[in-house]
Every structure is written in structure tokens, then in C-alpha cells.
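The block underneath contains the structure these notes are about, expressed in C-alpha cells.
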Amino acid sequence: MHQNDTDPRDAGGIVRYVFRWFIAPPDNVEITIVDRISTFISRVAMVLTAVIVAIMTFEVTSRYVLFSPTLWVNEMSVWLGAMIYLMAGVYAMQRRSHIRITALYDIVPRNVQRVFDFISLVVVLAYVFAMVFAGWKIALRALITWEKLGTAFNPPVPATIKPLVLIAAILIAVQAINNFIVDVRKDKPEG
């Protein structure tokens with residue numbers, strides 16, 4: 001075994017493997033720093049999904065086997081689910097799997113597709129601008145006052161999710177700009 005090879009039985013090897021998986025580049029040819037960030041965010045969302053499954057399994061076991069239900073699992077899973085939902089928007093934009101009328105898009109020439117892409121980009125940017133403009137004070141107030149949910153577990157869901165909505169929207173806009181630039185560069189003839 002070479003010195004660089006990792007033994008799966010070695011705890012350090014597992015940590016290195018997981019770390020490399022988190023920072024591995026996306027599987028497409030055109031890789032930008034924005035794509036790397038979006039891929040990292042999507043991988044965090046994948047791990048959070050597993051965390052939700054684990055804590056829900058803990059809750060079911062605790063409630064029905066040990067007869068000792070928790071106060072925190074339901075709210076924690078909703079909280080993590082909200083984060084995953086927001087991260088999924090960034091991933092969907094990076095993978096170009098957002099809503100598009102493909103029946104029309106696929107039959108038009110490439111230059112018309114770029115016009116459609118530009119219109120889509122302008123709509124995304126206008127939406128994100130409106131969201132950030134209208135929501136930044138609310139998100140900042142929730143963060144500064146550390147607004148909580150008001151339940152028995154009382155996690156700071158509003159204090160974290162309200163700013164995260166704006167951050168995710170900005171990341172989606174940045175990814176949309178990145179996608180448009182990459183697509184336009186692909187269309188340019190080499191020479």
C-alpha cells in the first residue's frame with residue numbers, strides 16, 4: 001500500500017475521504033469557482049438529509065421503544081428541511097434543472113435560446129433584487145434579535161432561515177449569471 005493510499009479501516013482515512021468528497025469538483029466539463037461552491041452546498045444538503053433521517057429514527061426509537069419522546073426532533077427536522085430546501089435551489093440552478101418550457105426551447109435555434117436564457121436571467125435577477133430589497137431589514141432584525149420559534153424546544157429558526165432565504169437567493173442569482181456566461185462562452189467559435 002502506498003503512503004498516499006487510505007485504508008478504509010483507518011479513521012483518518014475516512015475523514016480524508018469525506019473531506020475530499022465535500023471539496024471534489026462537479027462532474028461537468030466547465031468548472032468555475034461558482035460551480036465548486038454550489039457543489040459544496042449541495043453536498044452539505046445531502047449530509048443534512050441523512051441527519052434528518054438519523055434524528056427521526058432516534059425519535060421513533062425513543063418514542064415507541066423507550067417510551068420517552070423528545071421535544072426537539074420534529075422542530076429540528078423542519079429546521080434542517082428548510083435549509084435543505086433553500087440549498088436545493090442553488091443546486092437546481094447549477095444543474096440547469098430549473099423550470100423551462102423545453103418543448104419550445106429545444107426547437108428554436110441557438111441564438112434564440114440565448115435570448116430566452118437572457119430573459120430568464122433578467123427575471124431571476126429582478127426577483128432576487130426585489131427579495132433582497134424588501135427582505136433584508138426583516139432578516140437582519142430577526143438575526144440581531146435572535147428571533148426564536150416560540151415552542152418548547154424554541155430553536156432560532158426565524159433568526160437563521162430569514163437571512164438564509166436571502167443568501168440562497170443571492171447564490172442562485174450568482175449561479176444564474178455564471179451559467180449564462182459559461183453558455184455564451186461555449187457558443188463562441190474558437191479562433
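Between T32 and D35 the shortest side-chain heavy-atom distance falls below 4.5 Å. Annotation: side chain of R43 is not in contact with side chain of V47 (no heavy-atom distance under 4.5 Å). Residues M131 and L166 meet the side-chain proximity criterion, which asks for heavy atoms closer than 4.5 Å. Looking at T70 and M76, their side chains never come closer than 4.5 Å, going by heavy atoms from C-beta outward. Under the 4.5 Å side-chain criterion, counting only non-hydrogen atoms from C-beta, V90 is not in contact with I37. In this structure, W79 and I84 have side chains that are not in contact, with every pair of non-hydrogen atoms separated by 4.5 Å or more. Residues Y105 and D117 are in side-chain contact: their nearest non-hydrogen atoms beyond the backbone lie under 4.5 Å apart. Contact check for M93 versus L171: no side-chain heavy atoms found under the 4.5 Å cut-off.
Within the structure, every pair that satisfies the salt bridge (Lys or Arg N to Asp or Glu O under 4.0 Å) test and touches residues 58-74, not counting sequence neighbours, is listed here: E59-R63.
Each of L80 and Y91 belongs to its own hydrophobic cluster when Ile, Leu, Val, Met, Phe, Trp and Tyr are linked at side-chain heavy-atom distances under 4.5 angstrom. Both F58 and M56 are part of a single hydrophobic cluster, where members link through side-chain heavy atoms under 4.5 Å apart. In the hydrophobic clustering of this structure, I119 does not group with F180; members are Ile, Leu, Val, Met, Phe, Trp, Tyr whose side-chain heavy atoms approach within less than 4.5 Å, directly or through other members. The same ILVMFWY cluster, assembled from side-chain heavy atoms under 4.5 Å apart, contains both L86 and I52. V174 and V128 end up in the same hydrophobic cluster when Ile, Leu, Val, Met, Phe, Trp and Tyr side chains are linked at under 4.5 Å.
Taken from CD1 in I167 to NZ in K162, the straight-line distance is 14.5 Å, to the nearest 0.5 Å. Atom CZ of residue F129 and atom CD1 of residue I170 lie 11.5 Å apart, to the nearest 0.5 angstrom. To the nearest 0.5 Å, atom NZ of residue K186 and atom CZ of residue R114 are 8.0 Å apart. Atom CD1 in I138 sits 6.5 Å away from atom CZ in R141 (nearest 0.5 Å). Once rounded to the nearest 0.5 Å, the distance linking OG of S77 with CG of L48 reads 12.0 Å.
More than 12 heavy atoms of other residues, nucleotides or ligands lie within 6.0 Å of CG in L66, so this atom counts as buried by the packing criterion. The neighbour count for Y85 OH, taken as heavy atoms of other residues, nucleotides or ligands under 6.0 Å away, does not exceed 12.
Under the 4.5 angstrom side-chain criterion for Ile, Leu, Val, Met, Phe, Trp and Tyr, the cluster partners of Y64 are V60.
With S62 contributing its side chain and S68 its backbone, the two residues share a donor-acceptor pair below 3.5 Å.
In this structure, a donor-acceptor pair under 3.5 Å is absent between the side chains of S42 and Q94.
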(request) Start with the C-alpha gap between L121 and N179, add the side-chain angles, then the distance that decides, and say whether side-chain contact (heavy atoms from CB on, under 4.5 Å) holds. (result) CA-CA 9 Å; L121 176 64; N179 290 352; over 6 Å; no
(request) Report the C-alpha distance between D183 and Q113 in whole Å, list the side-chain angles of each, state the deciding distance to 0.1 Å, and finish with yes or no for side-chain contact (heavy atoms from CB on, under 4.5 Å). (result) CA-CA 10 Å; D183 291 346; Q113 286 180 349; over 6 Å; no
(request) Please test N74 against F153 for side-chain contact (heavy atoms from CB on, under 4.5 Å), starting from the C-alpha separation and ending with a verdict. (result) CA-CA 10 Å; N74 182 50; F153 176 48; over 6 Å; no
(request) Could you check V182 against R96 for side-chain contact (heavy atoms from CB on, under 4.5 Å), going step by step and ending with a plain yes or no? (result) CA-CA 12 Å; V182 167; R96 294 169 175 81; 4.1 Å; yes
